[in-house]
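Down below is the structure, laid out as structure tokens.
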Amino acid sequence: MSVARAMISVTLPVLNEQTRLPRSLPRLGQFLRDGARLPFEFEIVIADNGSTDRTQEVAERFCRELPEVRVVQFSERGRGGAVKRAWLGSEAEVLTYMDVDLATDLDAFPALVVAVASGRADIAIGSRLMAGSETNRGWRRELISRVYVRLARAVCRLRCSDAQCGFKAISRFAAQTLLPQVEDNGWFFDTELLVRAQWAGWRIAEVPVKWTEDRDSRVKIFRTAWEDVRGLMRLRRELARNRKAEKPDLAGPEPSGKKMGAKK
Ligand SMILES: Nc1nc2c(ncn2[C@@H]2O[C@H](COP(=O)(O)OP(=O)(O)O)[C@@H](O)[C@H]2O)c(=O)[nH]1
Ligand SMILES: [Mg+2]
């Protein structure tokens with residue numbers, strides 16, 4: 001396989017995004033074609049589960065007009081489930097997703113992809129809470145985000161500085177191994193993916209991002225926080241059971257170290 005033909009996939013999970021999708025998708029397409037300076041082909045996958053507005057119509061129009069755009073549609077709600085479905089259905093070597101509001105500045109995207117494509121990491125995540133990040137958001141979400149990540153670190157031994165930023169990349173091999181183990185299909189999906197990846201020894205790289213809050217949000221903050229806490233406790237119990245049984249946490253990766261585009 002030649003480097004020039006390697007493919008990255010960018011999933012845009014969407015729920016009732018008839019307004020934000022037409023603003024963001026052309027910008028993203030332009031960036032991937034001209035701005036990103038990545039030597040890879042790309043596809044954009046719009047993953048829509050459960051929209052009740054005109055999102056489907058908008059997505060299908062983009063799909064007809066732009067050859068690099070695909071749409072996947074299904075009924076169960078949840079951002080995690082949408083990302084999982086889109087990633088498992090893609091042939092690309094590097095699978096990424098980002099929120100459709102483009103709250104994370106696209107400037108960080110090449111670093112995210114290169115971390116995985118080069119073989120340096122199996123997963124790369126945008127972080128709003130590490131040195132070099134710039135975050136512009138209200139105090140309430142800032143506080144919740146900081147408290148949550150501390151909790152995840154204490155309860156589940158997470159070592160990342162930010163779990164929930166909607167800006168992530170994963171190798172196809174890691175995705176195919178890890179995704180079937182991830183039970184959550186909602187907002188906790190991201191944390192569960194990272195926790196399971198760390199338990200099993202996959203390598204995670206963090207990339208600092210510029211992040212600007214878009215106040216148009218699908219998140220129901222208290223319900224989501226409660227579901228996140230329940231998710232952490234579920235993983236905690238699993239960790240305790242595994243320790244008691246003296247099992248290795250989960251099957252880890254075969255160290256591949258293979259770079260994307262390397263000859264097979
Ligand atoms: N496919 C899908 N996408 C969702 C769902 N819920 C939220 N999203 C998408 O997830 C992304 C982040 O949502 P947003 O409301 O901006 O979250 P916030 O930035 O954390 O407030 C957006 O692209 C949403 O359209 C869902 O149930 N299914
Ligand atoms: Mg948002």
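The figures here come from the full heavy-atom set of this structure, side chains too, leaving out hydrogens, waters and symmetry mates. Just so you know, ligand 1 is whichever comes first in the structure, and atom 1 is the first atom listed for that ligand. If you read the sequence from its start, that first residue is 1, and numbering goes on from there. Owing to the predicted nature of the structure, the values given are computational and were not obtained by experimental measurement.
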Backbone N or O of [Y] within a donor-acceptor pair of the [X] side chain at under 3.5 Å?
X	Y	answer
T135	R128	yes
D99	D101	no
R20	D216	yes
N49	G78	yes
Q198	R159	yes

E142 and R137 ion-paired at < 4.0 Å
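Yes, this pair counts.
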Less than 4.0 Å between a side-chain N and a carboxylate O, is that true for E238 and R196?
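Salt bridge present between R196 and E238.
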Same apolar cluster: V94 and L38, side chain cutoff 4.5 Å
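Same cluster: V94 reaches L38 through Ile, Leu, Val, Met, Phe, Trp or Tyr contacts under 4.5 Å.
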Starting from V155, can I reach V182 by hopping between I/L/V/M/F/W/Y residues whose side chains sit under 4.5 Å apart?
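Yes, V182 connects to V155 through the hydrophobic network.
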Kindly tell me which protein residues have any non-hydrogen atom under 4.0 angstrom away from an atom of ligand 1, grouped by chain and ordered by number?
P13, V14, L15, E17, R20, A47, N49, R77, G78, R79, A82, D99, V100, D101, R141, W187, S217, R218, V219
If only protein N, O or S atoms under 2.8 Å count, total around the Mg ion (ligand 2)
1
